[in-house]
Amino acid sequence: MIDIGANIGLTSCQSGAKFSEVHMFEPNPNALGILKINANIALRGHNYTIHEYALGAQAERLKLYVPYDKWGGAFIDSAQNDYELNLHSQNNGFGPFNPANYDIFDVQVEPAQDKLAQLFQQLSAQNKKLGVVKIDAEGYEDFIIEALLKSLPADFKLFIVYENWNTKPFAFESRPGLVLEVFNLFERRSVFQHAPRWLNSILISLQGSIKTSLVPVKGNLFPGTFVIQVN
């Protein structure tokens with residue numbers, strides 16, 4: 001499992017024990033302290049690595065903007081980020097972008113394609129060629145997916161899970177030889193569409209889960225959660 005934008009480990013620490021190896025990428029210095037504690041508790045005895053940097057175009061120091069009350073909305077503003085500043089601000093519950101709403105840190109960024117290629121080489125040497133990649137990089141998803149596909153060995157198989165909140169078409173380039181299938185991750189959060197929210201909440205709790213399905217995507221990718229199957 002590869003978790004790019006691990007934050008405090010809500011994904012990796014709940015699911016990581018089901019995988020033979022877990023790699024978590026997180027540059028936020030505040031979140032890192034909690035991620036290390038959570039991983040030590042949830043993944044004790046399992047093979048995991050925390051990479052304390054962001055993935056970008058090159059090795060450099062850039063500013064990370066962390067909303068005071070929503071660490072999951074932290075972002076790096078650079079040419080590789082597809083989201084406008086006001087979209088980040090809107091997603092974080094603010095009005096027009098204002099730096100005063102954020103803690104600002106200088107964080108380390110490393111070249112995505114190089115670092116992922118090195119990681120895939122290590123995994124290949126251990127014959128670990130089947131896995132899941134979760135990406136939550138607040139506007140860097142397109143860039144990271146493209147770097148991942150360019151560095152992925154031909155004999156690997158992956159499921160890539162990510163979000164896109166941009167309103168423009170979301171597209172990426174793949175290298176020859178890879179077969180991609182793209183799905184929308186659809187969650188049915190209401191049993192009866194026009195029933196009160198409290199009634200649907202009760203019915204879902206009785207069912208035991210929110211029904212989730214994968215719907216094939218054709219054409220442009222617009223806001224939502226997606227899964228790419230790579231063969």
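- Inter-residue side-chain proximity for L55 and Y140 is flagged as unmet; no heavy-atom pair is nearer than 4.5 Å.
- L62 approaches S78 most closely through the heavy-atom pair CD1-CB, 4.2 Å.
- With a 4.5 Å cut-off on side-chain heavy atoms, D103 and W71 do not count as touching.
- Applying the side chain to side chain donor-acceptor pair (under 3.5 Å) criterion to K128, with sequence neighbours excluded, gives E21, Q126.
- Scanning both residues, F19 and S15, for their nearest heavy atoms gives CD1-O, 3.3 Å.
- Q14 places a side-chain N or O within donor-acceptor distance of the main-chain N or O of L10, the cut-off being under 3.5 Å.
- Considering only heavy atoms from C-beta on, Y162 comes within 4.5 Å of I228 through its side chain.
- Taking the six-membered ring where tryptophan is involved, the planes of F97 and Y102 are tilted, since the angle between them lies from 30° to 60°.
- Using a 4.5 Å heavy-atom threshold, the side chains of L214 and L185 count as touching.
- Within the 4.5 Å cutoff, no side-chain heavy atoms of V107 are placed close to those of Y53.
- Closest non-hydrogen pair, A57 versus P111, comes out as O-CB, 4.0 Å.
- Taking CG from N30 and CG from N7, the interatomic distance works out to 10.5 Å, rounded to the nearest 0.5 Å.
- By the 6.0 Å contact criterion, CD on Q121 is open, its count of non-hydrogen atoms from other residues, nucleotides or ligands being 12 or less.
- In this structure, K129 places its NZ atom where more than 12 heavy-atom neighbours from other residues, nucleotides or ligands lie under 6.0 Å away.
- Within a 6.0 Å radius of CZ in F183, other residues, nucleotides and ligands contribute more than 12 heavy atoms.
- When all heavy atoms of S12 and D3 are compared, the pair lying nearest together is OG-OD2, 2.7 Å.
- Between E26 and K36 no salt bridge is recorded (no basic side-chain N to carboxylate O distance below 4.0 Å).
- A continuous path of Ile, Leu, Val, Met, Phe, Trp and Tyr side chains, each step under 4.5 Å between heavy atoms, connects V133 with L119, placing both in one hydrophobic cluster.
- Note on Y65 and Y83: separate hydrophobic clusters, where clusters join Ile, Leu, Val, Met, Phe, Trp and Tyr whose side-chain heavy atoms are under 4.5 Å apart, directly or indirectly.
- D136 places a side-chain heavy atom less than 4.5 Å from the side chain of E138.
- Judged purely by atom type and a 3.5 angstrom limit, N47 has no side-chain atom pairing as donor or acceptor with the backbone of V22.
- D77 and H88 form no side-chain donor-acceptor contact under 3.5 Å, judged by distance and modelled atom types alone.
- Annotation: F120 is in aromatic contact with F156 [ring centroid separation under 6.0 Å].
- Remark: side-chain polar atoms of N92 are not paired, donor with acceptor, to backbone N or O of F94 under 3.5 angstrom.
- M1 and F226 fall into different hydrophobic clusters, where Ile, Leu, Val, Met, Phe, Trp and Tyr side chains are chained together by heavy-atom contacts under 4.5 Å.
- Atoms CD1 and CD1, from I144 and I4 in turn, are 5.0 Å apart once rounded to the nearest 0.5 Å.
- Taking CG of L123 as the start and CG of L130 as the end, the distance is 11.5 Å to the nearest 0.5 Å.
- Each of I2, L35, L32 was evaluated against M24; a single residue qualifies, L35, per the side chain to side chain contact (heavy atoms under 4.5 Å, CB included) test.
- Within 6.0 Å of the CD atom in Q229, the count of heavy atoms belonging to other residues, nucleotides or ligands exceeds 12.
- The side-chain heavy atoms of E141 and D82, taken from C-beta on, include no pair separated by under 4.5 Å.
- Here NZ of K115 is found 13.0 Å from OG of S151. Values are rounded to the nearest 0.5 Å.
- Between the side chain of S89 and the backbone N or O of G95 there is at least one donor-acceptor pair closer than 3.5 Å.
- Clustering ILVMFWY residues whenever any of their side-chain heavy atoms sit less than 4.5 angstrom apart, transitively, puts L148 in a cluster other than the one holding F159.
- Contact between L64 and A74 at its shortest, heavy atoms only, is CD1-CB, 4.1 Å.
- Closest approach of A54 to I76, counting heavy atoms only: CB-CD1, 3.7 Å.
- A donor-acceptor pair under 3.5 Å is absent between the side-chain atoms of K150 and the main chain of A117, judged by distance alone.
- Between H23 atom NE2 and I50 atom CD1 the span is 11.5 Å, to the nearest 0.5 Å.
- In this structure, the side chains of L149 and L180 come closer than 4.5 Å at one or more pairs of heavy atoms.
- Remark: L152 CG to L158 CG distance equals 5.0 Å, nearest 0.5 Å.
- Residues meeting the side chain to side chain contact (heavy atoms under 4.5 Å, CB included) test with R61, sequence neighbours left out: D106, Q108.
- Linking Ile, Leu, Val, Met, Phe, Trp and Tyr whenever their side-chain heavy atoms come within less than 4.5 Å leaves Y48 and I37 in two separate clusters.
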